[in-house]
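In what follows, chains carry the letters A, B, and so on, assigned in the order in which the sequence lines appear, proteins first and then strands, with residues in each chain numbered from 1.
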Amino acid sequence: MRTELTSLFGLDIYTVNGIYVGKVVDLIIDVESQSVSGIVANYINTDVFDVAGDGIIIPYRWVVTAADIVLIRDVIRRFQKKGDD
Amino acid sequence: MKYYAKRLLDNKKIMSTDAKELGMLEDIHINAKTGSIMDLVVSPADGLDVAKYQKEEDYILIPFSAVSAVKDYIIVDKDKAKSFMTR
């Protein structure tokens, strides 16, 4: 599936469980590995990510697919504090 | 080296290894599932013979495997770029 990189800018990012994560502002390109290594996201869902700065970088290996929205694997559990059920 | 895509698209000039200007970078085709970069979408420079390049509308497609360096310009190996095979 061939996608134009600029078409990803501004897309909403959701996890496969339907939780809003943020918006794509930029992508990180790794020239050596000839791949996109990360997504720069802002408008972060602060219920999910405890962020101090403006945005986060999501590793591209978390991405399931990207078309009208960007779907990422369910990473929420991993960021919950221990004993925070 | 890692680059921000927007900065790369701003810094658009594409040069070949024989120091010729090929054109300007307009977009990049990626595989959205795997994140691998497939080709550069380039608007060809005036007078460039585009016959041997893969084309999409007014643009030429240069396979990313032909890119030999990215810094102030994007340097492309011309022989690899001309191949019709995009993997």
Would you find a donor on one side and an acceptor on the other, under 3.5 Å apart, between the side chain of B:Asn31 and the backbone of B:Ser36?
no

Heavy-atom contact with chain A under 4.5 Å, split by part of B:Leu8:
side chain

Hits for ring-ring contact (aromatic ring centres under 6.0 Å, His included) against B:Tyr4, two or more places apart or cross-chain, chain-then-number order -> none

I'd like to know which of A:Thr65, A:Ile28, A:Val63 tops the heavy-atom pair count under 4.5 Å against chain B.
A:Ile28

Choice from A:Thr3, A:Asp30, A:Val64, A:Val25 maximising heavy atom contacts with chain B below 4.5 Å
A:Thr3

Contact class of A:Ser37 relative to chain B, heavy atoms under 4.5 angstrom:
side chain

Can you confirm whether more than 12 heavy atoms, excluding those of A:Tyr43, are under 6.0 Å from its OH atom?
no

In terms of heavy-atom pairs under 4.5 Å with chain B, which of A:Val70, A:Leu8, A:Ile29 leads?
A:Ile29

When you measure from the side chain of A:Tyr60 to the backbone of B:Ala32, do you find a donor-acceptor pair of N or O atoms at a distance under 3.5 Å?
yes

For each of B:Glu26, B:Met1, B:Lys33, tally heavy-atom pairs with chain A at distances under 4.5 Å, and name the one with the top tally.
B:Met1

For the candidates A:Asp26, A:Val31, A:Leu27, which exhibits the highest count of non-hydrogen atom pairs separated by less than 4.5 Å from chain B?
A:Asp26

Short question: side chain of A:Lys23, backbone of A:Ala41 - any donor-acceptor pair under 3.5 Å?
no

For the student: nearest non-hydrogen atoms of B:Pro44 and B:Val50, plus distance:
CB-CG1, 3.7 Å

